[in-house]
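Below, all heavy atoms of this structure are taken into account, side chains as well, without hydrogens, waters or symmetry copies. Just so it is clear, the model here is predicted, and its values are computed rather than measured. Below, chain A is the first sequence line, B the second, and so on; all start at residue 1.
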Number of protein chains: 6
Amino acid sequence: MTNYPYPMLVRPSMIWTKQSDETFDLKVHQWIENACDSVPNWDKYDVTILGVPLSKSSISTSAASENPEAMRQAWKSFTTYNIDEDIDLAVLKAIDIGDVKQHTTDIHETHQNIKEAMVAMRTYHPHTIPVSMGGDHSITAMLIKGWKQVHHEETIGVLQLDTHFDLRSLSELGPANGTPIRHLIESGIVKGKNVHNIGLHGFFNSKELKDYADEHNVNYTTMKRARKEGGGRVITQALDQLDKEVDTIYLTVDMDVLDISHNPAAPAATPGGMFTDELFEAVQIAGARSKVKAMDIVCLDPRKDVRGMAVKSAVHVMLSFLIGYCKR
Amino acid sequence: MTNYPYPMLVRPSMIWTKQSDETFDLKVHQWIENACDSVPNWDKYDVTILGVPLSKSSISTSAASENPEAMRQAWKSFTTYNIDEDIDLAVLKAIDIGDVKQHTTDIHETHQNIKEAMVAMRTYHPHTIPVSMGGDHSITAMLIKGWKQVHHEETIGVLQLDTHFDLRSLSELGPANGTPIRHLIESGIVKGKNVHNIGLHGFFNSKELKDYADEHNVNYTTMKRARKEGGGRVITQALDQLDKEVDTIYLTVDMDVLDISHNPAAPAATPGGMFTDELFEAVQIAGARSKVKAMDIVCLDPRKDVRGMAVKSAVHVMLSFLIGYCKR
Amino acid sequence: MTNYPYPMLVRPSMIWTKQSDETFDLKVHQWIENACDSVPNWDKYDVTILGVPLSKSSISTSAASENPEAMRQAWKSFTTYNIDEDIDLAVLKAIDIGDVKQHTTDIHETHQNIKEAMVAMRTYHPHTIPVSMGGDHSITAMLIKGWKQVHHEETIGVLQLDTHFDLRSLSELGPANGTPIRHLIESGIVKGKNVHNIGLHGFFNSKELKDYADEHNVNYTTMKRARKEGGGRVITQALDQLDKEVDTIYLTVDMDVLDISHNPAAPAATPGGMFTDELFEAVQIAGARSKVKAMDIVCLDPRKDVRGMAVKSAVHVMLSFLIGYCKR
Amino acid sequence: MTNYPYPMLVRPSMIWTKQSDETFDLKVHQWIENACDSVPNWDKYDVTILGVPLSKSSISTSAASENPEAMRQAWKSFTTYNIDEDIDLAVLKAIDIGDVKQHTTDIHETHQNIKEAMVAMRTYHPHTIPVSMGGDHSITAMLIKGWKQVHHEETIGVLQLDTHFDLRSLSELGPANGTPIRHLIESGIVKGKNVHNIGLHGFFNSKELKDYADEHNVNYTTMKRARKEGGGRVITQALDQLDKEVDTIYLTVDMDVLDISHNPAAPAATPGGMFTDELFEAVQIAGARSKVKAMDIVCLDPRKDVRGMAVKSAVHVMLSFLIGYCKR
Amino acid sequence: MTNYPYPMLVRPSMIWTKQSDETFDLKVHQWIENACDSVPNWDKYDVTILGVPLSKSSISTSAASENPEAMRQAWKSFTTYNIDEDIDLAVLKAIDIGDVKQHTTDIHETHQNIKEAMVAMRTYHPHTIPVSMGGDHSITAMLIKGWKQVHHEETIGVLQLDTHFDLRSLSELGPANGTPIRHLIESGIVKGKNVHNIGLHGFFNSKELKDYADEHNVNYTTMKRARKEGGGRVITQALDQLDKEVDTIYLTVDMDVLDISHNPAAPAATPGGMFTDELFEAVQIAGARSKVKAMDIVCLDPRKDVRGMAVKSAVHVMLSFLIGYCKR
Amino acid sequence: MTNYPYPMLVRPSMIWTKQSDETFDLKVHQWIENACDSVPNWDKYDVTILGVPLSKSSISTSAASENPEAMRQAWKSFTTYNIDEDIDLAVLKAIDIGDVKQHTTDIHETHQNIKEAMVAMRTYHPHTIPVSMGGDHSITAMLIKGWKQVHHEETIGVLQLDTHFDLRSLSELGPANGTPIRHLIESGIVKGKNVHNIGLHGFFNSKELKDYADEHNVNYTTMKRARKEGGGRVITQALDQLDKEVDTIYLTVDMDVLDISHNPAAPAATPGGMFTDELFEAVQIAGARSKVKAMDIVCLDPRKDVRGMAVKSAVHVMLSFLIGYCKR
């Protein structure tokens, strides 16, 4: 074993970054630990970050599979400190446990792996809050199924920020990114009345889907109404109602809820959507509720991003949620 | 005549789309019929959609000529159902009658064709509402001239959503995209006082143009004032005034009225403009007025688009206008 | 039934194009007929064009699924006449039968559909030459399996123009775009010694794959050797040898055989590859051989294209192959 | 000396533009004079525009050095007349004196040149208001140092519109774009309490920087608070306080204060920032204050721009500031 | 008149460039003089450069109108010295006389202006060699018409480097970019047998155009044959034949003759074309012939360029031609 | 210490890649080891790879500083096995020792660090061959200075593949990317006659630079002559001559030697340059010579890359050089 003989001049760039930043900046990649084959003390973590790089299940072609790595790169330019709230995430301990194993040609097997990953997380370390980076929206059904498998006695509610209902036909499409909420309703894991969708707008859901939602008592608030009544208030009302009815609230953020000018990288990005400041506020409110016990961020295709704005927004969503969590 | 021998496995992609969508989704391209050499029953249509692929008359180089085809591609991802208003456009019958014939090197001939297309529409099927997809803003003068030729007794007013006056010198530029409103005023077809321009802002009109507008009593509301007084209210006031003074209101939407972050694809896109939700609301209000009898969407160059956001917004403008129409 | 009342001025853009072109130009989209529900006389066709929009089976994310439609758009700018050879493809009759039905989440089902599409083509109209537009390279195994199912007595050889062996592990990846040739060898449909791969180069195949190729007597010629010996001569030698040993030669063109400067749109594009003029010559030589009875073009992701150069090259490959066919 | 023999048909494009515009439009490039080796009457100018094409001092790689030329190109599409305020900048006389000389490999020398340029401007023509187009934020320290060298008796305050504190460690980074405000505080030129930073938000400043700001009594208002209290009001309060405490207010606009959807071209652009209309209003308010005697616009990398939106916004910032100046 | 008071530190960037370059580099923009209202001594020039910013006459939308300015920007990065030939263009005197006046909506008027510009050049300064920067290919007919009007006794031949014949129907398209050679043949200005087209290839001309070419004895060499026989030899043979038959050879370079990988910016760029080194050699050979008395470069749309490669190639074509000229 | 509790389903993506690749592929990132604070056995390495992320010294703005990280990402898609030569780089041991420390605002200090990094490498592990990834061309002077400081008795020659002489004025520019060869000549470290530059072409060097080269007996071969005489032969001749005259040959590859269609990402990319296959052959020939003891790759700005083609080519250059090394 020889010492690395360049004490002053040469270092892996990762190490340079660390050193220079230690003086003055704590960046997110320095705060989030990386899982290796062994972890010093698993019990100490508050937050577990999981990558779910699956987008083969998308209706349209999507490279949302590349989002987890893109977010990991992007969070290097974020500090842990939020100046609006004067809160430093460094009070939490976070670990990135890596990505769920993917099969190249068998989507069903990958879906099982996703479910099992959640099962394992809930079994071995039930005290962390899992934050999953998709991937397309099909993963939400699998993650919640995994949760339910472990916590089978719990009633689960879903707070969904989305431009779409995601209630399309399972029999036609299978477990695709257009069907997760229907998947959960039809499998009896979540009741329609315990789903709250905020952000629907314009011409991006068919009448039939809206009728299905009504039949199953899915709650929804359109962008227009949310803006009229106040976004914060609408989120709070949904959470209040869920608080009364369920044991666990799962927050799922479909990044296509954002306006296409703020997020050009969703496979189905549209005009007339939410702005980033509205979304950051919404997830921060949700993060502060103790019944919100897991969240995911889905449907962001980094190949369609423009100057990194969408991936940076996805990181901001994750961090804003955790700022909320610090307020619990 | 042999039957196509692949009943299960192979179909033109257009047919696949239709089949899968019929179950659950009515998409806009399935709702709008396409004109062929004969049409079953012309009288049944409520809306006639016309492509006007002319942009050789633009001051700066523009591929707005490619906008009609771009809109046709883009509307495949829109449903007919608007969730904010709970209205389904499927109650209307719409037909896309195709594009006005273009001459490669004779702009005057093309302009005549545009005028004649409107004349023919008004002559043979006066009960449809014509929606024209430009092309550059020079087409508005031709379309209104065609309207006037048929309805020569009518007083015509113009509701213009635009960053510019479009009152530049006809003698210098000819019938270009900077001159249509002046063209209409100087030819006596529309009176200055019956023009209402909403959306002017910043440093994109010269003092001389403003002086010309004042001399001819053109009405205008800047973005700043519109936002202060409320966009909806400003539109409503303009429509109220036009209602009293004219027989027919022609709505012309220059897509450069949008902020460059929401529409990067206008040849003269600028910062400080309107946001898409404001524009969608404005045209929906206009669509609900019975005197608004025709509309066009102009000055959108799809080659400058970013992730399709501008073309999607143009489709949304057309559909929002028709949602208004459903409320009449 | 009313006549469409705009005889002179307005027509669907598709019709405008047809009319203006009839005078002087026969464009490829006017030559290739489109299959509808019934076809006047199926027996008259020489060439059948099939879209296979599958790329979920790709190792890396790929939008090669969008290639069939992209090629259909691009061939509108090609005439049927090749001036280098003074041959007009108009002497052939070609039909585009559309796309193989895709399942959103079940790759296996889609693969079966692809195989069945080839079975149906060979059963009902064995006299056409099938030209398939992928999609990723996994489709080649399915198409050849379909061929074999109908012509089970035939010995099949493969002429592969590719940067890669495509001999990766089936057990690890399943029927992915890295495994089709191994798939065919392991299933006994094609013998290794009847595979000729031309275009391998650089650092894009592992030593183990080369060892596997050697063990199974797969023939291959690297780019460097092909250029040294003359591309045309190398292709001719491979075809001569296949002519002696097999009944049917299947030509598969993986577009990543092209240099990245000529085709930036292959998911695994590399420097040091073939130039387009070399590829066009190669497929034309192959097209002239009567034992070459089917071909496909795979692994082109239009979203990564630059100014349409790759998709135009794919169309040129198809047309150059058919020019060869005219020389039979 | 021969006359240029093409009186009617051929002219340098610059001259064509002038002629056609003289009829009806005064464009900004026709209003701003260009300095040559001699100037008719230096005393007549109100505004002096200086290019400072330095971005080698940036922490991350930046082509902000190309911003001055980019702004000069972009302002050709702006008129001098602002329709929202009904004010024409043509009442002012403006001169573009060109760029500060840059050294290719000696940043210190370039910094000295920048300081000397401000010294020269204040020495010879103290009656103009200098508007500097960066370059990165390191130039602000040099420009203010130059001002101080001439007006050494003055107390100087800084109104900073920025996403960042720019208080990072001088000893670590030197006079970089992350350190100018600290540079001014540590050199005693500006007191911390006379710095007002508006626009900080999200996760882009470390806790340590905030602590440094607090220790040195730097004033700051986050985006969230600014929006809650009203952007105009917050700016006005900051100016009111500075008015009482300093002789000269220097306005520095770091373009990264804008939301990434409005300005994708800042090297450190972020979501959650200011919108352009908010920024234009802020600088107009500042421009109207007589103590605001100089301003700069920094940290805009035109190579990262999208459809020119960021550079157009920078020009709009400069012109909006001067509209404010006209109101003094 | 005051002296500009910044002798050392500030200068217009144009002047900085000049100064730093004078030491060691002569750049093309420093060599080519710019025409102003009067010119010291017109007789001294060898080369006259004319911008012809017309592309409204293009069949497909084209911003080739922006090419003259793009070339002027691009040549700032070229020196006058060619190291392959060891020749410095500085031995010639060149002047850029600016752009032909354009009408916004009257293509015919613009075409007349182009013709008149050539007439004026030949009338007043017949000793310069005119180099025209298009614009689209329609301008070639106008420029040659102008030449013929002055030199009506001369027989004119055309050496055309092009992917297309440009023999499409005048009656259908008018004087468009697809018709200039037919225009010249039908108007009797150039005989078909005196046209030599080199570079045709692939599927980009219809059979009918080839038949028209044959009927009118137009000479042509396809890319394939040119490469087989040697590009230099083919050019030389064409020039030798023209030398015998005509008084003046006009060289027209349609930039779409280049392969799409070398020039992605031609409106009709194709694979299978010429490489830049082949084109540079061809025009250098042509430039050395004393009967080649004028040239143009057309059909390059800078908006479609990739990293400036096409515009740089156009400048290189112009300079390589002049290197040939130096060898006369 | 707890075991990481996800043995089957979740792993860092880096680990997934390793596992799946171990079966069949050895990828370059699995072969090159990464230096950490201690290294098992330094003596075992054959190749040392150093990142030199400096481009502040560039004449034009360049993000070549980002090239080392870009190459590290890109080599993940390369195997170690070269099929053209049937050689596997796995026979060598390679280590990436990281990046030279950069100062944000002091280029001189960074240059010293670069020199010292080479000194340290030669002092402690003189048996490895250093491969440096720039950064701009200024680094070459520093690296060779470092070499000379340790091996002060050696005569050093330079084989330079470049479009430019890099002999511009040191007194004007300082140690910039236009001056390294002059820097070495003027400091007496390398004699002009021991510099061989291959690849100069076109209009990208002034006459004065060529005169300087001639005065100092710098050897050079233009692209045109190299292609005429055969690239391989020209390289071999240069190496033969250097072999006789110097002890150590330093190979420097300025990536702008490539044609802009093959490398759009050089800050000064030009048409008429080398193709990638020519460059790969050249460096492989050089790598096989025992006197070639160090090499660098410079002037590649990944931000200007198109689909990664330039960065992939840079990796290929490095690997091809090492294939040559394996042949020693």
Study note, to complete from the structure: All heavy atoms of A:Arg227 vs all of A:Met274, minimum pair found to be NH2-CA, 4.0 Å

**Study point:** Heavy-atom proximity to chain D below 4.5 Å, by part of A:Phe78
**Key:** both

Practice item. Going by the side-chain contact (heavy atoms from CB on, under 4.5 Å) test, name the single residue among D:Ser138, D:Ser62, D:Pro180 that passes it with D:Ser57. Key: D:Ser138

Review point. With a 4.5 angstrom heavy-atom cut-off, which part of D:Asp211 approaches chain A: side chain, backbone, both or neither?
Key: neither

Practice item. Counting only heavy atoms closer than 4.5 Å, note whether D:Lys304 contacts chain A via side chain, backbone, both or neither. Key: both

Practice item. Could you look at D:Asn263 and say if it's the side chain, the backbone, both or neither that has a heavy atom under 4.5 Å from chain A? Key: neither

**Study point:** A:Arg289 with A:Asp240: basic N within carboxylate O range, under 4.0 Å
**Key:** yes

Point to revise | Heavy-atom pairs under 4.5 Å with chain D, option from A:Thr80, A:Ile83, A:Asp277 with the top count | key: A:Ile83

Practice item. Counting only heavy atoms closer than 4.5 Å, note whether A:Glu278 contacts chain D via side chain, backbone, both or neither. Key: neither

Exercise for review: Please state whether the side chain, the backbone, both or neither of A:Leu89 comes within less than 4.5 Å of a heavy atom of chain D.
Suggested key: side chain

Review point. Looking at A:Ile323, A:Asp259, A:Leu319, which has the largest count of heavy-atom pairs under 4.5 Å with chain D?
Key: A:Leu319

Exercise for review: Output, in order, the C-alpha distance, side-chain angles, deciding distance and verdict of side chain to side chain donor-acceptor pair (under 3.5 Å) for D:His183 and D:Thr179.
Suggested key: CA-CA 6 Å; D:His183 196 154; D:Thr179 63; 5.0 Å; no

Point to revise | Under 3.5 Å: donor-acceptor pair, side chain of A:Ser55, backbone of A:Ser65 | key: yes

Check your understanding: Which bit of A:Asn82 is near chain D, if near means a heavy-atom gap under 4.5 Å: side chain, backbone, both or neither?
Key -> both

Exercise for review: Using non-hydrogen atoms and a 4.5 Å limit, figure out which bit of A:Val315 sits close to chain D: side chain, backbone, both or neither.
Suggested key: neither

Review point. Between A:Ser77 and chain D, which part of the residue has a heavy atom less than 4.5 Å away: side chain, backbone, both or neither?
Key: backbone

Review point. Is D:Lys191 salt-bridged to D:Glu245, cutoff N-O under 4.0 Å?
Key: no

Practice item. State, with a plain yes or no, whether a side-chain heavy atom of D:Val311 is found less than 4.5 Å away from one of D:Leu300. Key: yes

**Study point:** Pairwise side-chain contact, D:Leu200 with D:Phe165, heavy-atom cut-off 4.5 Å (strictly under)
**Key:** yes

